[in-house]
Every structure is written in structure tokens, then in C-alpha cells.
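Report on the structure given below.
Order of appearance sets the numbers: ligands from 1, and atoms from 1 within every ligand.
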Amino acid sequence: MHMQDPEEKIKRLREQLAAHNYRYYVLDDPEISDAEYDRLLRELIALETEHPQWITPDSPTQRVGGQAADAFEPLPHSIAMLSLDNALDESEFLEFDERTRRLLGRESVNYFCEPKLDGLAVELIYENGRFIAGSTRGDGLVGENISQNLKTIKTIPLSLFQPIPRLEVRGEVLLSRQAFEKLNRQRQADGEPLFANPRNAAAGSLRQLDPQITASRPLEIFCYGVGQVIGLDYDSHQQLLEALKKLGLRVNPLVRPCAGAAEVIRYHSEISERRNQLPYEIDGIVVKVNRLADQERLGAKTKSPRWAIAYKFPAQQETTQILDIIVQVGRTGVLTPVAVMKPVKIGGVEVSRATLHNQDEIDRKDIRVGDWVLVQRAGDVIPEVVKSIASRRSGAEKKFTLPETCPECASHTIRPEGEAARRCINLACPAQLRERIYHFSSKKAMDIDGLGEKLIEQLVEKKLVKDVSDLYFLQEKDLASLDRMAEKSAKNLLQAIDASRRRPLDRVLFGLGVRFVGEHLSRVLVNHFTSLDKLARASEEELLGIPEVGPQVARSVVDFFSTPENLGILKRLQKGGVTMQWQPRTDATLAGKSFCFTGSLEKYSREEAEALVIQRGGRAVASVSAKTDYLVAGEAAGSKLAKAQTLGVKIISEAEFEQLVK
Ligand code: IVH
């Protein structure tokens with residue numbers, strides 16, 4: 001057999017590894033298994049150990065390692081890294097648009113919009129397609145040389161797909177929320193100080209003198225601009241980003257051209273709505289004049305260009321003072337400390353209470369009654385206290401500890417080994433019962449109109465309702481004994497209860513409040529099993545066979561249906577006339593159909609697309625098989641596409657998918 005020249009072989013392996021790396025980290029759509037990748041990498045390491053003269057700095061073997069430095073060397077930028085002016089609301093953005101139109105003498109300007117990523121700006125320098133150095137922004141003129149650290153980031157290619165003479169590319173390095181939380185959990189366990197937010201964690205990780213530490217943090221990058229460029233042609237920002245993508249650099253998938261201010265404003269609100277679902281933090285959008293010739297005409301001021309602006313989202317954080325800490329008992333008995341605060345407006349909504357989660361969080365953040373604190377509200381999420389501002393303390397602040405007994409029923413509480421939550425384990429605890437009934441009768445569950453907090457409190461207090469099934473045995477004379485209950489309202493309530501007897505099964509299940517089973521999973525489970533009996537008999541293995549069900553959910557469902565009290569409640573619900581029918585929804589247009597996704601979609605994240613399928617009664621599957629009905633192929637579709645072709649699975653585009661779910 002012909003022995004391949006080892007130098008050639010090394011080169012080929014490097015190219016293969018770089019290509020797989022790109023598929024895995026940049027496109028998020030690998031073509032080979034991790035094991036296969038490791039095998040190739042080990043082969044390369046072996047060859048390079050044998051022939052060290054052929055190790056090049058852009059070899060994938062050179063990502064990790066490197067010596068720890070004493071300090072970072074300064075690295076001047078050949079073109080200054082400017083910052084951006086801010087527009088804090090629509091009217092400020094419209095002023096920017098008006099000025100831009102005036103300066104260009106146009107009726108309307110074509111913009112290009114991107115999410116404003118909340119990380120750290122860096123510059124990467126490529127010469128003849130090879131990564132030679134990279135730096136932080138620094139003061140905009142001179143940054144710090146953090147090349148060794150940048151090389152550990154898997155989404156930064158060490159060599160480009162084309163050897164263009166020079167490219168200084170700029171982008172934002174960030175850490176996902178998930179990675180940030182994991183890192184902080186680890187640091188807490190190790191007794192190290194915690195990072196306040198993902199941005200600080202990314203900055204801290206990137207400015208490590210020891211690149212080994214940087215390598216252990218899953219940093220990522222999105223590229224959004226350039227400094228000096230030699231050998232690349234483009235007339236617009238859009239073309240530039242396309243070119244960067246083609247070179248193997250990672251560009252954010254949510255970027256979009258917008259013709260005129262109205263489209264920009266729509267983009268702003270659309271991205272703002274998706275903000276909390278994104279895996280990383282953003283704090284606005286960046287609006288750039290698309291045409292390069294226009295950018296040049298507009299030019300720059302000292303610190304910022306005139307052709308771009310950061311159009312921010314409303315702040316999600318404010319400072320206020322904690323007046324008191326109270327304890328709430330939830331429907332599963334968890335004791336939650338809640339901060340009662342001087343009311344503040346956050347993102348247009350007045351906030352006066354925020355969760356402190358549990359005792360560990362209070363201790364970790366050292367939050368005391370009387371403290372000034374930073375409070376955060378993100379979309380529909382319950383507001384939370386981010387941190388206390390120790391410098392504003394007067395000395396009168398008081399530490400807080402959760403009580404050992406339930407504030408509601410005075411029973412002893414426990415904190416199970418390994419859990420953060422303290423719980424009241426008295427099943428008859430009135431607070432838990434109230435919360436369970438409240439949840440059961442809520443809009444998204446049984447939707448019992450008129451059954452409000454005050455009424456529930458009385459029903460529980462008078463022992464008319466001891467579990468949710470008792471609602472269906474209530475009579476007019478029971479209600480007559482309650483405060484402020486006129487004959488008419490009693491009749492109305494009984495009517496509302498009666499109407500709820502016919503709610504579909506998924507809502508009954510959701511209302512029962514099985515741990516970890518929310519609205520969405522209730523629908524998934526009911527669509528799968530079609531009856532409560534079948535679901536109640538399901539084994540953990542059977543549950544785990546459903547794509548969206550993990551071990552935690554499976555365990556919890558099995559636990560729920562093997563608890564005699566719960567089975568008793570189900571029986572009584574049935575006896576009380578609750579029909580618990582599975583209703584294939586009228587919009588279940590995709591019932592029985594399975595969908596698999598490959599590549600990236602323009603308008604939806606993978607999760608969003610899968611949710612659409614499930615909402616319409618279909619199934620989302622992770623891999624293609626002969627039984628798959630559709631493969632939705634997005635941009636840069638991967639190996640699943642070839643597999644679907646071989647198996648004869650119907651392949652559709654994002655646009656066709658959209659037609660199906662509409
Ligand atoms: S363009 C001259 N695009 O925002 C244009 N910047 O306040 C300079 N940033 O230092 C930047 N996402 O760290 C641009 N899509 C994006 C961005 C972005 C985040 C950051 C960047 C910059 C800061 C400017």
C-alpha cells in the first residue's frame with residue numbers, strides 16, 4: 001500500500017479537524033461522533049509528536065496548553081475599536097434615523113440589525129488565513145494581547161477557509177447563561193467568589209493569565225465587524241457578514257437587513273420578546289447603516305461612528321430597599337423567602353416583591369432586611385434580588401433566617417439532604433392546599449371563573465375543601481355560609497365549577513400540579529398516552545421514550561401516580577363528574593406526524609420550532625429514521641439531510657415548514 005507522506009497526512013488531518021470543528025461549534029450540526037473526532041485528534045497528536053518540526057501554531061492540537069503569563073502585552077489596534085452611542089427608546093432611535101437620512105439626503109435608509117450581545121469585544125487577527133493574534137478592546141486604541149486565551153475558544157477558527165492576506169475581525173466573546181450558572185455553582189462549592197453575571201464571568205475567564213483556566217470555560221464568539229481587511233470584497237455590512245461566514249467565522253443567526261426605521265422598530269420588539277429565551281444575554285439591538293459607501297460618507301466622531309447606534313431594551317434592573325422579608329408556602333410545601341421592597345418601576349412595571357429563592361441564596365448574596373439591593377425582572381419571570389449593595393449599609397440591617405416551623409401550620413419543616421429548599425411536609429397544611437386549589441382553578445388549568453384567593457382561603461378554613469376534588473361536591477348551602485357570598489354569586493360559582501368538569505385532560509393534568517410537569521409537558525404526555533389511566537400506569541422507561549421527557553420528569557410522574565392519596569383524588573374527581581377526556585385539539589393539524597430538524601432556521605430556534613410541532617399535535621424527534629415524516633432542512637444542513645435522502649424521508653424548507661404550522 002502507498003505510504004502517505006506524514007507531512008501531507010498531518011495537513012489533511014488538520015483540515016478535516018478544522019472542518020468538523022466548524023460543523024460542531026459554529027454550525028452546531030456535527031457530521032461525525034465525538035469519538036471519531038477524538039480518534040482523528042489523537043492521530044494528529046501522535047504524528048506531531050513524531051514530527052515536531054511540522055507543528056504549526058494553527059494546529060488544533062495547539063488550542064489548549066500554552067504557558068501562563070505574568071501580564072498581558074499591549075497590542076495596538078491598527079484601526080481604533082470605537083464604541084456606540086445609545087438610543088434608550090423609540091424616539092431616540094427615530095432621532096438617529098432622521099439625522100442619518102438628513103446627512104445622506106435620503107427619504108429612507110437601509111439598515112442592518114443585530115442583537116447587541118452582552119459580552120466582551122475582541123479583535124482577532126488573521127494573516128494569510130491563519131490566526132496570528134487577538135486582543136481585548138482595551139481603551140479602543142491599544143488592547144491586551146490575549147492570543148493564547150482566544151485560541152482555546154472552539155468557535156474561533158485557527159485557520160480560515162481561504163488564505164486572504166489580512167483580516168482583523170471583531171466580535172463579542174460571551175458565556176451562555178447556563179454555563180455561567182454552572183460555573184457559579186462550581187465556584188460556590190469551591191468557596192470561591194461568584195461572578196455577578198455572564199458578562200463578568202466571560203471577562204474574568206478571558207483575562208486569565210493561565211490559558212488552561214480559560215480553556216475550561218465554554219466561551220463562545222459571534223463576529224460582527226472588521227478592522228483592517230486586505231483581500232475581501234464587499235459593498236455592504238450584510239455582504240461582509242456573509243463573507244465572514246464563508247471564511248468559517250461565526251455570525252449570529254438573528255441578524256437581519258431592515259429597510260427603513262419602521263422595520264428596525266419591528267425587529268427591536270421582536271428580538272426584545274425573544275430576549276429571555278435566548279441562551280445568552282443581550283441588552284438591545286445594534287442598528288448599522290448597511291451600505292459601505294453610506295457608512296463612509298457618514299464617518300465617525302471621536303468615540304463612535306455616525307453610521308451605527310445601540311438601540312437598547314428597557315433596563316431590567318433597578319435598585320431599591322428591602323423593608324421586610326416574609327415567607328410564602330408553595331403548593332409543594334416549599335418555604336420561599338420573599339423580599340418586600342420600596343416599590344420601583346422596572347421596564348415599565350411596578351415591582352414591590354421579589355423572590356430570594358432560599359436560605360442558601362440569602363447567605364450567598366448576604367441579603368439583610370434594610371439592605372439596598374439590585375432587583376431584576378426579566379419578562380414574565382418572577383422578580384428576583386440580584387445582590388445587596390454593601391456600601392450603602394447603615395449598620396441597622398438585620399440578617400434573616402428561614403423559620404424551622406411552617407409559618408402557616410406550625411408543623412416542623414425539613415430540608416432534605418442535597419436540596420436547597422426547606423419544606424413543610426404536612427400534606428394538610430392549609431397554605432399548601434390553598435396554593436394547590438389556586439393553581440388547579442387557574443386560567444391555564446381548570447379555569448374556574450370567580451374562584452379567587454379570598455374565597456379559596458375561606459373554603460380551606462371552613463374545611464369545605466380538603467383537596468381539589470372536594471370542589472366538585474360543593475353545594476349552594478355550603479357556599480351560603482361564606483362571607484360576602486350572595487345567592488347569585490354562589491350560583492355563578494357552582495356554574496363555573498360545573499363548566500370546568502369538561503376541561504380537556506391535558507388541563508386537568510396540568511392542574512394537578514405534578515412536579516416538573518407544566519402546561520407544555522402536560523400536553524406532550526396527554527398526546528402520547530391519550531388517557532389518564534394509561535399515563536398513570538406508565539413505567540419510567542416508557543416515559544423516558546418520549547423525546548421531551550427526562551429522568552427528573554419520569555421519576556416525578558411515576559411518584560405522583562403511585563401515591564395512594566393522589567389516586568384517591570383522581571377517583572373522586574371522576575366521581576365528581578370531571579370527564580378527563582383527551583381532546584385532540586382542533587388545531588392538531590400535525591397529529592401523528594413526526595418532524596426532525598437539521599441546520600439553522602432563520603426565524604425560529606430549534607426549541608421554538610419543536611414547540612410549534614408539539615402544539616399542533618405532532619412529534620419532534622432528534623434523529624432521522626424511516627418512520628420520520630419530515631426533515632426540515634435549514635441553512636447549512638448536516639448529515640441528517642443525506643440520511644433523509646437515503647431513507648426517502650420528505651425534506652422540506654423552513655418556508656414549507658411555516659406553511660404546515662400556520
Ligand atoms: S459593532 C463601530 N455590533 O457593543 C461599531 N457591537 O458599545 C462597533 N456589541 O464594544 C461595534 N454586540 O462590545 C457591534 N452586534 C454588535 C454588538 C456590539 C455587542 C458591543 C461591542 C462594542 C459595544 C459598543
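- Annotation: L120 places no N or O atom under 3.5 Å from an N or O atom of ligand 1; distance criterion only.
- When only non-hydrogen protein atoms are considered, atom 4 (O) of ligand 1 lies nearest to K116 NZ, 3.3 Å.
- Taking the ring centre of F195 as origin, the terminal cationic atom of R187 falls inside the region bounded by 6.0 Å and 45° from the ring axis.
- Checking S304 against D85 by side-chain atom types alone, a donor-acceptor pair falls below 3.5 Å.
- Between E658 and Y604, the side chains place a donor N or O and an acceptor N or O closer than 3.5 Å (distance only, hydrogens not considered).
- Considering backbone and side-chain N/O atoms, W307 never comes within less than 3.5 Å of an N/O atom of ligand 1.
- The part of V286 lying near ligand 1 is the side chain, judged by heavy-atom distances below 4.0 Å.
- A salt bridge (charged side-chain N to carboxylate O under 4.0 Å, His left out) with R256 is found for one member of E270, E602, E114 and no other, namely E270.
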Verdict with supporting geometry, R166 and E168, salt bridge (Lys or Arg N to Asp or Glu O under 4.0 Å): CA-CA 7 Å; R166 189 172 177 91; E168 296 174 358; 2.9 Å; yes

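- Atoms of ligand 1 found under 4.0 Å from any heavy atom of A121 (numbered from 1 in listed order, with element): 10 (O), 13 (O).
- Annotation: atom 11 (C) of ligand 1 to nearest protein heavy atom, Y224 CE1, 3.9 Å.
- The distance criterion of under 3.5 Å between nitrogen or oxygen atoms is not met by P305 with respect to ligand 1.
- In E73, the CD atom is not crowded: 12 or fewer heavy atoms of neighbouring residues, nucleotides or ligands sit closer than 6.0 Å.
- Of all protein heavy atoms, the one closest to atom 19 (C) of ligand 1 is L117 O, 3.2 Å.
- In this structure, atom 8 (C) of ligand 1 lies nearest to the protein heavy atom L82 O, 3.9 Å.
- A salt bridge links D366 with R393; the closest basic N to acidic carboxylate O contact falls under 4.0 Å.
- Side-chain contact of R392 with Q321: a donor-acceptor pair under 3.5 Å is absent, judged by distance alone.
- By heavy-atom distance, the residue among R199, R170, E114 lying nearest atom 15 (N) of ligand 1 is E114.
- For atom 1 (S) of ligand 1, the nearest non-hydrogen atom from the set H237, K312, K288 comes from K288.
- Electrostatic pairing of E608 and R274 counts as a salt bridge here, judged by a charged N lying under 4.0 Å from a carboxylate O.
- Scanning K303, E172, Q295 for the heavy atom closest to atom 13 (O) of ligand 1 points to E172.
- When non-hydrogen atoms are compared, ligand 1 lies under 4.0 Å from the backbone of P115 (N, CA, C, O) but not from its side chain.
- Protein heavy atom in closest approach to atom 7 (O) of ligand 1: L84 N, 3.4 Å.
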